[in-house]
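Here is the structure we will look at, set down as structure tokens.
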Amino acid sequence: MIKLHLRQSTRSIYLGLACLSLALHLLLALFCLSVLQTACVLPTSSSFSSSSSSSVPRTDTQRHQAISRSSSSSAASSSSSHELPTVPQEEEHHKLNAKTSHPEGRGSLNGDATVREKKVTGVGKVIPRVKGCSKLEALFEHPLYNLPRPELQDDDWLLRVKTNEQAMNSDSQQSASQEEGYDKVDWTSDVETHPPWLRFHLGISRWELYNRKDPNMAGLTHYLATQRILSAVQKTGGTQLKLLMSFPNYGQALLKPMKQARDAETDGNLFYFSDFERHNAEIAAFHLDRLLGFNRVPPVVGRLINVTSEVREITTDHKLSRTFFTSPAGNVCFYGQCEYYCSLEHPVCGQPHALEVSLAAMLPDLTLAPRRSWRSPWRRSYSRTKLAQWEKDPAYCDTVKQTPPYNHGTRLVDLIDMAILDFLMSNMDRHHYETFEKFGNETFLLHLDNGRAFGRHSRDEPTILTPLKQCCRIRRSTLLRLRLLSLPAGRLSDVMRESLVQDPLAGAAPLLSEPHLSALDRRLAAILQAVQTCQHQHREIIYNDLEGYDGDFNQQPD
């Protein structure tokens, strides 16, 4: 009887403990759900200001304005404070609803590198949404990346769609002369009939190569990564091997092949003009340019091609076809013809047929949209012994400032934007840059040919920043974005890593190694330090491109 009573008591105790354990597990599950539902946002205006210790940059305009909107009392305090302002988060919803300059149906480019759930990256691979907070999403939701744009006029678009009558004549001519293998042209004035590459061309404006918010981006990257290659020929010009790939719908892309391991660092004894071009550098440059808010690098995507079936067997370039061979290791290789590294000693080889490459969307044909090439004032001598004039004259920028087109408009700060991009990715090979002739001097610079970037992560090249250091000029929007990317909530290395993971080649290995990502943060700190040094030496260093963006900007002291 006693044993029966003890058994009943023991069962009651076990049952009570089980109920208690279940209740604790339910409470823990509810707590986890509440944490996961917490919104992920960048720092507010107050936290931004508290994280920044530099002085307020001065502008060269009559209305010295900051990027913050506060009460009259805070405005008075900010006039005497030394905090770098930003846009408060409570205004973000209002600014995100601002109308963009692109009319409905215009083709441009969406650079939102957010890791969205089940987003196709271009090779049939699906990358799930990153759990928890996405720094990249929060960055692109910040007001600095959603500034209202002025309404564009007809002359502000690079290309215009033909009228119905012109389109009919053009279609009949193209159909009559349709080349073998190409799709029949059935495009109309309706943008829905245009292939992704044509939408990209039609979206180029006076002020940017593409609009980051354009939904055409997903289609364009998928197009570059999966479209059947119809033809492959070597592109003339340049110092290293590159191919021009053609697609059945008349689109084209510029191919740069993988020539060395992604994590291989350039030999420190090599001169910048003796370095290899890297396919992953072209991809990373596009992502970095977009993170800086420039939107001046043509879209680039990685792709794995078959050297035999997608180059050797379809090329009509006889000079290229004669350079193919099978290596002693059994790999299919070729080397083409160019000024440097096109020889039997420097082949491009598959594994044994598969080859990683970068594919960049081609710009409109020069017959439709001529471009002008400009010699960079800070061009290097490309000599082992001679120095360029800017390397010998500390006051060199004074001469540049008096020389057209750098003596008016935004050309000088455009060039400094490009120097900042080049310094971050350690690109010393910027001897020329291009602009679209149609827009004259009032337009952006094209950031083309970035293959020699990301060669060294262990060493920074301070001379790349010479335009900023000598001229002590910088855009306000550029400076504020750099400040934002220096904060823990939007750290440049973190958002760059998150952006690159979407490329089709990221599944094999990271596009940039961790040392290269860490170098981005280190170099960003060096840029901000250079700006701070300029502020101590000069009274006005800021070109205020945000004047008039918000009527309630706080006025800064002269």
Side-chain angles (χ1 to χ4, degrees), residues 61 67 94-112 140 143-164 166-167 187-220 289-290 292-299 361-366 368-372 405 408-411 413-414 417-418 433-448 475-478 481 543-551:
T61 61
I67 306 183
H94 172 70
K95 294 211 169 73
L96 290 181
N97 291 332
K99 293 182 178 180
T100 62
S101 60
H102 292 271
E104 183 179 358
R106 292 293 306 201
S108 201
L109 206 53
N110 172 23
D112 280 357
F140 283 145
L144 282 171
Y145 289 85
N146 294 275
L147 300 174
R149 302 179 185 277
E151 184 178 355
L152 297 181
Q153 306 301 317
D154 285 348
D155 290 342
D156 293 329
W157 296 105
L158 180 65
L159 300 174
R160 301 293 290 172
V161 178
K162 292 182 178 180
T163 63
N164 291 335
Q166 292 173 325
W187 311 331
T188 67
S189 58
D190 183 2
V191 70
E192 297 300 325
T193 67
H194 300 162
W197 65 265
L198 181 55
R199 297 188 192 189
F200 164 51
H201 288 178
L202 292 174
I204 300 174
S205 72
R206 178 185 297 273
W207 306 117
E208 60 184 359
L209 191 57
Y210 59 86
N211 182 348
R212 180 176 55 81
K213 296 181 180 181
D214 190 341
N216 183 49
M217 179 55 171
L220 183 61
D289 179 84
R290 181 179 53 187
L292 294 173
F294 294 156
N295 304 336
R296 301 165 195 168
V297 173
M362 292 292 290
L363 296 175
D365 190 89
L366 293 176
L368 297 176
R371 302 192 299 271
R372 177 172 177 178
H408 70 281
T410 64
R411 182 59 62 88
V413 288
D414 288 336
D417 279 348
M418 188 165 60
Y433 63 88
E434 295 183 15
T435 59
F436 289 109
E437 282 189 2
K438 175 181 178 179
F439 302 133
N441 294 333
E442 300 301 321
T443 187
F444 63 95
L445 312 186
L446 289 164
H447 296 170
L448 306 176
R475 266 191 174 90
R476 177 176 283 274
S477 61
T478 298
R481 290 190 184 109
Y543 178 85
N544 189 7
D545 60 324
L546 299 178
E547 184 177 12
Y549 162 56
D550 192 323

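Just so it is clear, the values below take in all heavy atoms, side chains as well, and ignore hydrogens, waters and symmetry mates.
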Polar side-chain atom of [X] near backbone of [Y] as donor-acceptor pair, under 3.5 Å:
X: Arg206; Y: Phe439; answer: yes
X: His201; Y: Met362; answer: yes
X: Asp289; Y: Asn295; answer: yes
X: Lys438; Y: Leu159; answer: no
X: Asp414; Y: Leu445; answer: no
X: Arg371; Y: Leu366; answer: no
X: Asn146; Y: Phe140; answer: yes

Would you name the heavy atoms of [X] and [Y] that are closest together and state the gap between them?
X: Leu209; Y: Phe200; result: O-CE1, 3.7 Å
X: Pro364; Y: Ile204; result: CD-CD1, 3.8 Å
X: Tyr145; Y: Arg290; result: CE2-O, 4.3 Å
X: Val297; Y: His447; result: CG2-O, 3.3 Å
X: Leu202; Y: Trp157; result: O-CE3, 3.9 Å

Query - Residue list, salt bridge (charged side-chain N to carboxylate O under 4.0 Å, His left out) with Glu442, at least two apart or on another chain - result: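 Applying salt bridge (charged side-chain N to carboxylate O under 4.0 Å, His left out) to Glu442 gives none.
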Report task. List in chain and number order the residues that pass salt bridge (charged side-chain N to carboxylate O under 4.0 Å, His left out) with Asp417, two or more places apart in sequence or in another chain; answer none if no residue qualifies. Result ->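 For Asp417 the salt bridge (charged side-chain N to carboxylate O under 4.0 Å, His left out) partners, ignoring immediate neighbours, are Arg296, Arg475.
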As an exercise, state the distance from [atom1] of [X] to [atom2] of [Y], rounded to the nearest 0.5 Å.
X: Thr478; Y: Phe294; atom1: OG1; atom2: CZ; answer: 4.5 Å
X: Ser205; Y: Phe436; atom1: OG; atom2: CZ; answer: 10.0 Å
X: Leu546; Y: Ser477; atom1: CG; atom2: OG; answer: 5.0 Å
X: Asn441; Y: His408; atom1: CG; atom2: NE2; answer: 5.0 Å

Query raised in the report: Who passes side chain to side chain contact (heavy atoms under 4.5 Å, CB included) against Asp365, sequence neighbours left out?
Result: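 Once residues adjacent in sequence are excluded, the partners of Asp365 under the side chain to side chain contact (heavy atoms under 4.5 Å, CB included) criterion are Thr367.
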Requested in this report: Only counting residues at least two apart or in another chain, list the ones meeting side chain to side chain contact (heavy atoms under 4.5 Å, CB included) with Arg372.
Outcome: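 Here the qualifying residues are Trp374, Thr435, Glu437.
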Query raised in the report: Given the rule in the side chain to side chain contact (heavy atoms under 4.5 Å, CB included) test, do Asn216 and Tyr210 qualify, once you have shown the distances and angles that lead to the verdict?
Result: CA-CA 10 Å; Asn216 183 49; Tyr210 59 86; over 6 Å; no
Query raised in the report: Which is it for Leu448 and Leu363 under the side chain to side chain contact (heavy atoms under 4.5 Å, CB included) test, yes or no, and what are the steps along the way?
Result: CA-CA 10 Å; Leu448 306 176; Leu363 296 175; 4.2 Å; yes
**Report entry** Summary of salt bridge (Lys or Arg N to Asp or Glu O under 4.0 Å) pairs that have at least one residue in residues 188-197, sequence neighbours excluded
**Finding:**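 Output for this query lists Glu192-Arg199.
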Query raised in the report: Can the ring centroids of Trp187 and Trp197 be said to lie less than 6.0 angstrom from one another?
Result: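 Distance test on ring centres: under 6.0 Å, yes.
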Query raised in the report: Can you list the residues that meet the side chain to side chain donor-acceptor pair (under 3.5 Å) rule with Tyr433, with sequence neighbours excluded?
Result: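 Checked Tyr433 against side chain to side chain donor-acceptor pair (under 3.5 Å); matches are Tyr406, Arg411.
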Query raised in the report: In terms of side-chain geometry, is the basic nitrogen of Arg149 or Glu208 positioned less than 4.0 Å from the acidic oxygen of its partner?
Result: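 Salt bridge between Arg149 and Glu208, a charged N being under 4.0 Å from a carboxylate O: yes.
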Query - Any side-chain heavy-atom pair of Glu151 and Asp156 under 4.5 Å - result: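 Answer no - side chains too far apart.
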